Amino acid sequence: MAEEQKFETEEKVERKQKTGMINAKELEEKYLRKGMMPHIFCTGCGIGTVLGLTLRAMEEIDMDLDNTVFLSGIGCSSRLPGYIDVDSLHTTHGRALAFATGVKITNPDLNVVIFTGDGDCIGIGGNHFIHAARRNIDITVIAVNNYIYGMTGGQVAPTTPEGDYATTAPHGNVEPPFDMSEMAMSAGATYVARWDLTKPVQPMKSIKEGLENKGMSFIELLSPCTTAYARQNKVGDIQEFWEWYDDRTMLAEEYEFEEEFSPMEEWEEIKEKMKIGVLKHEEKKSLGERMQEKIEEVKI
Amino acid sequence: MIGEIDLDKAKKAIGDRSQFIHGDTAVAYGALLAGCRFFGGYPITPASEIAEKMAELLPKIGGKYIQMEDELGSIASVIGSSWAGAKAMTATSGPGFSLMQENIGFAHMSETPLVLANVQRSGPSTGQPTLGAQGDVMQVQYGSHGDFAAIALSPNNIQETLDLTIKSFNLAEKYRTPVMLMISADLGHMREMVEIPDEVETFERKEPKVSPEEYIPFGKGEYGKEKVPEFGIFGKGFRTYVTGLTHDEKGFPATDDQEDHDNLIRRQVEKITDDREELTDIERRRLDDAEKVIISYGITSRSAMGALKEGRNRGEKLGYLRLKTLWPFPKHVIKEISEQVDKIIVAELNLGQIYHKVAEHAECEVALADKIGGEVHSPEEILAEV
């Protein structure tokens, strides 16, 4: 028995070394709450992929599951903490970052990770979002941006591109969209990355770097909503959706190169694309460190 | 983890044993003595002084103060802190209390111990920020949507404000629930001599003694109170899923099942209402031969005491009943008193809130001595309704 276990472990280690990943079955066994299945996500939805990438990133850094708290607000992506076998707080709409602030300050040893959506994060939760970034609190925010309010049936979001359709923008959206990553950077987050889910490795690497960063990390993942967004905007099936992403995103380095060197008429088309990649990574004292220093200074 | 609960350190931070302080400071002192080590604040008149005192003293004893971006955030941070293991609180007034209602509901649904001091002012809306009122005594029980049972205490002097703040923390931990300390601008900003107690009796959170697999975070308590489950603090390996959705005993969403919702909410309500008599704290004066009784609470009871004395001097057979527990509403006491007297006069700083609860349970005539505008009643104004 002991021999078999040892062998299995060695086999796992070997495969991990070879592929850099453990397989889905092993991930499921180690990380998921069995009692929560089946999950709620639609066919073709990207949120399950986000979960898989997150678990692989956690596996890479060998995260201590007993010392980790996942939080979320309300919406499709906010259901994710329920599936992971860790302490988790599924809170009210938009407020997860404020709850997370209380958790992290109270016990700085806990790893604190938040799943949020575009509406949850920058719509109803916008104020908490900018202030968490300003404080550079040591938490990791994984924001699933699907350009729409999915759980409630496809209403227009602060991220919905201008002209796109939603149930509450039946004649086309007249508002310009928010860029969450730009907001995170300017508000003070120290690690910011954005990827679409057609990239298999880069988002996972960014989540890993975010988890390791000692400060506010913001990872925006562009994720297809096949039910509420694709249907109303006639994107097509999931393969077409993924091509659609390729067409609408550009690596940050390329984007900046084009900005400088492409002719005006070409740039006019390019500039509407979303920059993807690691957009910011800097070292700065976190809120917890600053608070602890102050306590050392004034304690009796 | 956050600074350990050390009473001597708290007393050292507080300073002199006798102090001439206002109600807001008394709340802060009571909290520190009870073991509060986290305060999520947001400025609001007339409660800001509580946050200011906590911001000054908490870091000195290893506790944490954070000023959040709004009241939605301050109450949220307190709930997060409580799950991470701290005795935690916030303080606010009417407009902030209105903003906090959603997460107060979350605290009830997730059975999160916390204390909220509400230094009441008038409303609706911004109203009279610097003047006292008792405008939130119904909101505290009915402000958040759905069914829940609030615990709300109402002191009438500064020493009692300190003492009931300690009691609020103890009840929050004992019942795994948010507890509201309801004072008003008058008490918050009024100064009296206060004695810092030498010994403080505290109730510590009941943590599970079973394995994570056996732990039931939202069902029956294994020890202590049957309807109050133990609290598995985050980071201790219990891997609890806490949600505002209707959930089963393990914490998993069970939103479509009538029975699951009924079981959960009834238990949450009954863990408090079953102990209504134990939770009831009442001050009674001159009730033996009383034919009429003035019922009041908080700052208003000081005017009611004046009315009692003046009325008795005039030969009126008056009695006095003060509610230190507003919620769960002491309906059994109202019923008992109303069977002895001919008339009840409810005095409060609003246009009638607790009056409606008294009228619901009283067998006799009930009159209302209401007052709004930021001044307390004169004894004469109460006697006019006698």
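The model shown is predicted, which means the values in this text are computed figures rather than measured ones. Side-chain atoms are counted along with the backbone in the values below, which use heavy atoms only and exclude waters and symmetry mates.
For the atom pair I79(B) CD1 and L89(A) CG, the distance stands at 8.0 Å (nearest 0.5 Å). In this structure, CG in L57(B) is found 8.0 Å from CD1 in I300(A), a value given to the nearest 0.5 Å. In this structure, CD1 in I66(B) is found 6.0 Å from CD1 in I137(A), a value given to the nearest 0.5 Å. Here F38(B) contributes atom CZ and T106(A) contributes atom OG1; the two are 5.0 Å apart, rounded to the nearest 0.5 Å.
Top candidate by heavy-atom pairs under 4.5 Å with chain A, chosen from S110(B), G232(B), S77(B), G105(B), is S77(B). Of the listed residues (D70(B), L58(B), V78(B)), the greatest number of heavy-atom pairs within a distance under 4.5 Å of chain A belongs to D70(B). Highest contact tally toward chain B, considering only H93(A), K299(A), E297(A), H128(A), is held by H128(A) [criterion: heavy-atom pairs under 4.5 Å]. Note: T91(A) leads T91(A), I84(A), N67(A) in heavy-atom pairs under 4.5 Å with chain B.
Residue E293(A) qualifies as enclosed at atom CD: its count of foreign heavy atoms under 6.0 Å is above 12. Within a 6.0 Å radius of CD in E222(B), other residues, nucleotides and ligands contribute 12 heavy atoms or fewer. Other residues, nucleotides and ligands place more than 12 heavy atoms under 6.0 Å from the NZ atom of K34(A). Atom CG of D147(B) is surrounded by 12 or fewer heavy atoms from other residues, nucleotides or ligands within 6.0 Å. In this structure, E259(B) places its CD atom where only 12 or fewer heavy-atom neighbours from other residues, nucleotides or ligands lie under 6.0 Å away. Around NZ of K30(A), the count of heavy atoms belonging to other residues, nucleotides or ligands within 6.0 Å exceeds 12. Annotation: D256(B), atom CG; neighbour count of heavy atoms from other residues, nucleotides and ligands within 6.0 Å does not exceed 12.
Looking at V86(A), the atoms closer than 4.5 Å to chain B (heavy atoms on both sides) all sit in the backbone: N, CA, C or O. The part of Q292(A) that comes within reach of chain B is its side chain, from C-beta onward, which places non-hydrogen atoms under 4.5 angstrom from that chain. Both the backbone and the side chain of I295(A) come within less than 4.5 Å of a heavy atom in chain B. Using a 4.5 Å cut-off between heavy atoms, R33(A) touches chain B through its side chain atoms alone. Heavy atoms closer than 4.5 Å to chain B are found in both the backbone and the side chain of L65(A). Residue K236(B) touches chain A through its backbone alone, counting heavy-atom pairs closer than 4.5 Å.
Nearest heavy-atom pair, V298(A) versus P59(B), reported as atom, atom and distance to 0.1 Å: CG2-CB, 3.7 Å. Taking both residues in full, the closest heavy atoms of Y241(B) and S88(A) are given as CD1-OG, 3.1 Å, listed atom of the first, atom of the second, then distance. Here the closest heavy-atom approach between residue V103(A) and residue G80(B) is recorded as CG2-O, 3.3 Å. In terms of heavy-atom proximity, A76(B) sits nearest to A98(A) at CB-CB, 3.6 Å. Of all heavy-atom pairs spanning L110(A) and G235(B), the tightest one is CD2-CA, 3.6 Å.
Between D85(A) and R239(B) a salt bridge is recorded (basic side-chain N to carboxylate O distance below 4.0 Å).
With H131(A) as the fixed residue, the side chain to side chain contact (heavy atoms under 4.5 Å, CB included) test singles out one of E69(B), M68(B), Q67(B): E69(B).
Between K104(A) and S81(B) the shortest side-chain heavy-atom distance does not fall below 4.5 Å. With a 4.5 Å cut-off on side-chain heavy atoms, N103(B) and F99(A) count as touching. Residues H90(A) and P253(B) fail the side-chain proximity criterion, which asks for heavy atoms closer than 4.5 Å. In this structure, the side chains of F234(B) and N107(A) stay at 4.5 Å or more apart for every pair of heavy atoms. Considering only heavy atoms from C-beta on, R95(A) comes within 4.5 Å of L72(B) through its side chain.
Judged by distance alone, the side chain of D87(A) and the main-chain N or O of T240(B) form a donor-acceptor pair under 3.5 Å. The backbone N or O of I105(A) sits less than 3.5 Å from a side-chain atom of K64(B), completing a donor-acceptor pair.
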Between R79(A) and L245(B), is the side chain to side chain contact (heavy atoms under 4.5 Å, CB included) condition met? List the steps. CA-CA 11 Å; R79(A) 295 299 283 267; L245(B) 291 169; 3.8 Å; yes
